[in-house]
Amino acid sequence: MNSAESIEASAREQRGFELKTLGRWAREGGPLIALLLLIIIGQILNPNFLRWDNVTNVLTRSAFVGIISVGATFVIVTGQIDLSVGAMAAFIAGLMIIVINRLAEFGLGQELAIVAGMVIGLVVGLISGLANGILSTIGKIDSFIVTLGTMGIFRSLVTFLANGGTLTLDSRVRETYRPVFYDSWLYVPIPVWVLAAVVAVGWVALTKTRFGRYCRAVGSNAEVSHYSAIRVNRIRVVAFIVQGFCVALATLLYVPRLGSASSSTGVLWELEAITAVVVGGTALRGGSGRVWGSIVGALILTLIGNILNLTSLISVYLNGAVQGIIILGAALLQRTSRTR
Amino acid sequence: MTKLTKYLGLAPLYAAGLIAGSAMAQETIKIGVSIPSADHGWTGGVNYFAAEAKKRIESTYKNVQVSVVTATSASDQANSLEDLVATQQIKALVILPYESAPLTDPVRQVKKKGVFVTVVDRALTDSTIQDLYVAGDNPGMGKIAGQYFLDKLGGKGNIVVLRGLPTVIDNQRFDAFMAKIKGSEIKVLDSKYANWNRDDGFKVMQDFLTRFPHIDAVWAQDDDIALGVLDALRQAKREKEMWVVGGGGMKEMVKRVIDKDPQTPVNIVYSPSMIGVAVELTALHFVTKLPMNGTYIVDSPLVSPENATQYYFPSSPY
């Protein structure tokens, strides 16, 4: 091999290496590229877009679906699906409002009533997740059907609790609870801190722990996992419990925002969460997933609505179409870079 | 003697026969009421007032039965109509259609069976089907709101509009409002759909506040949306800058009017109680034997602190 050839070969190798890193970068960063494009479009359409209060509006708005989508990532990675999250959030919100109102009425201190309501909300979330998990593992019913069933149950229960109307937090208690959603720490609203914490914990749990590895193993091949002494059912149930916890946590932040819950609370959150997870690069069939991707997905979904509200360029009748195109675009970006 | 006992023995039978005869003349009239399920505040109110009307009518007229059936979608409602006719053999149908077009034909089929048809709120695409039409005044709601904005703003100012869902009702309200303020110096900065719920009212208003530094008033045309708007204003600390007009007559909002809250000076009623009006009129059609055929438009009055107590129903869920 003469020197010219060897130089050419090494150059080829280098180019190959560059392409590989580029591909890897695109694969990893697909959803981020979509997010960045949206931010640029938003700023072009409205100079107020990157103002701090709009940024915090978008981030706090993403907190509900964002937190839920972290839980959904675990459920989907283990090869299951949870359609009940929106209805579960509505039910927990309704229950919390009733409990807090009653306890405050009976002379329990407002703070104490709120804390008790929060604890009950979290417990109900954990139990609901456990129920979904047990029905779909020990009950041997497909999780799609299980959660379709529990979705109907939760949705009806909140309608029943509200007597077909709206449950409203007592106005004085609401004043005490309000800061949980509206206050900031270091200029960043509390829901955004909670979202960040959930993402951090979720990311560590999925990538750095044995539980996370087992989740991925169960999702990619349940049978092999079973023979590798992984307790498949247990992992699946825990994934549902994580989901239930995330839903309850999101609801704790949702209740102080408007202080009310009705049958229209959380409608379609399940589809938004699933869309966020998939746009973020998690395979719907399970086996692999990215927690941070799900958050980027949730941000993309919120940004679409925000940008459409900030401009009158596009007919309001076409809002749904714009959303559809952006979701498909983001998914495509993620997919093509993935196969490379 | 034997004859007498015979007659005496027969007497109860005669009496029974007489009762049966009168019952035959007063045969049971079944009224089927088909309404959307309580999927938001206003339909929750519809469910409440339908149940109240059922209670009142059944306790007043012993020969009238009311069965209320709720539907979760237009196709669900069409199915429930078939059930009402086939299994309950209703004499009258009171229907608040989920959507106008898809239910026109199913209601026509019911009508063909000789059933008295009362349509509520949302008109069918063929108005010859109905015997009685009871509705709120949607264009009136827009017109009254438009007039109020003209008066209160002195014909000049910046406003934003939050619409409901893209339906006939929403278009009627919006078009009438726009027609009323046309020619004045009131500028509609933008209008967006807030889907008749609080969460979307909150979000859309947040974005309007980001976008427009100067807004004088908000027309939310629905009380659920208006409540979301009020929270967004409070968060942005701009609640002193503008006032909000909702609509529907939700108890929380009417209460605010009673309390003379400067942020919500008035309300415009579009009461779900119209379902009660429709059921009562339909029952009267049979009980009084007077024809109740025609069109009955329930007014959409302006609720101000002076008359607000008249429109305040604390026990209604809406």
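These values consider heavy atoms only, across backbone and side chains, with no hydrogens, waters or symmetry-generated copies. By convention in this document, chain letters (A, B, ...) are assigned in the order of the sequence lines, proteins followed by strands, and residues within each chain are numbered from 1. The structure displayed is predicted, hence computed values, not measured ones.
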If we ignore hydrogens and angles and just use 3.5 Å, is the side chain of B:Lys192 paired with the main-chain N or O of A:Leu308 as donor and acceptor? yes
Residue B:Asp190 versus chain A: region with a heavy atom under 4.5 Å: side chain
Under 4.5 Å from any heavy atom of chain B, what part of A:Phe49 do you find: side chain, backbone, both or neither? neither
Taking B:Arg198 for the side chain and A:Ser262 for the main chain, is one N or O donor matched with an acceptor at less than 3.5 Å? no
Can you tell me which portion of A:Thr166 sits under 4.5 Å from chain B's heavy atoms? Options are side chain, backbone, both or neither. both
Does any heavy atom of chain B fall under 4.5 Å from the side chain of A:Arg257, the backbone, both, or neither of them? both
Does any backbone or side-chain atom of B:Asn197 lie under 4.5 Å from a heavy atom of chain A? Answer side chain, backbone, both or neither. side chain
Grab the two heavy atoms, one from B:Gln235 and one from A:Arg178, that are nearest each other, plus how far apart they are. N-NH2, 4.0 Å
Other residues, nucleotides and ligands only: do more than 12 of their heavy atoms fall within 6.0 Å of OH on B:Tyr312? yes
Just so I know, are the side chains of B:Arg211 and A:Pro47 near enough to count as touching, which here means a heavy-atom distance under 4.5 Å? no
Please test A:Asn54 against B:Gln206 for side chain to side chain contact (heavy atoms under 4.5 Å, CB included), starting from the C-alpha separation and ending with a verdict. CA-CA 8 Å; A:Asn54 191 52; B:Gln206 270 192 331; over 6 Å; no
Would you indicate whether A:Arg102, at its atom CZ, is surrounded by more than 12 heavy atoms from other residues, nucleotides or ligands within a distance under 6.0 Å? no
Residue A:Phe144 excluded, over 12 heavy atoms near CZ under 6.0 Å: no
Salt bridge A:Arg61-B:Asp207, side-chain N to carboxylate O under 4.0 Å: yes
Do A:Asn48 side-chain atoms and B:Thr210 backbone N/O form a donor-acceptor pair below 3.5 Å? yes
Output the distance between atom OG (A:Ser260) and atom CD (B:Glu252), rounded to the nearest 0.5 Å. 8.5 Å
Against chain A, label B:Phe202 side chain, backbone, both or neither, depending on which of its atoms sit under 4.5 Å from a heavy atom there. side chain
Sole candidate of B:Leu230, B:Asp231, B:Asp224 that passes side-chain contact (heavy atoms from CB on, under 4.5 Å) when paired with A:Leu258: B:Asp231
Region of B:Arg163 that comes under 4.5 Å of a non-hydrogen atom in chain A: side chain
Engaged part of B:Ser37 at the chain A interface, taking heavy atoms whose separation is under 4.5 Å: neither
Below 4.5 Å from any heavy atom of chain B, which atoms of A:Thr168 appear? Answer side chain, backbone, both or neither. side chain
Chain B interface, residue from A:Val58, A:Leu167, A:Thr311 that has the most non-hydrogen pairs under 4.5 Å: A:Thr311
Of the listed A:Asn306, A:Thr159, A:Asp53, A:Asn309, the one with the largest count of heavy-atom pairs under 4.5 Å with chain B is A:Asn309
Do the non-hydrogen side-chain atoms of B:Asp199 and A:Tyr254 ever get within less than 4.5 Å of each other? yes
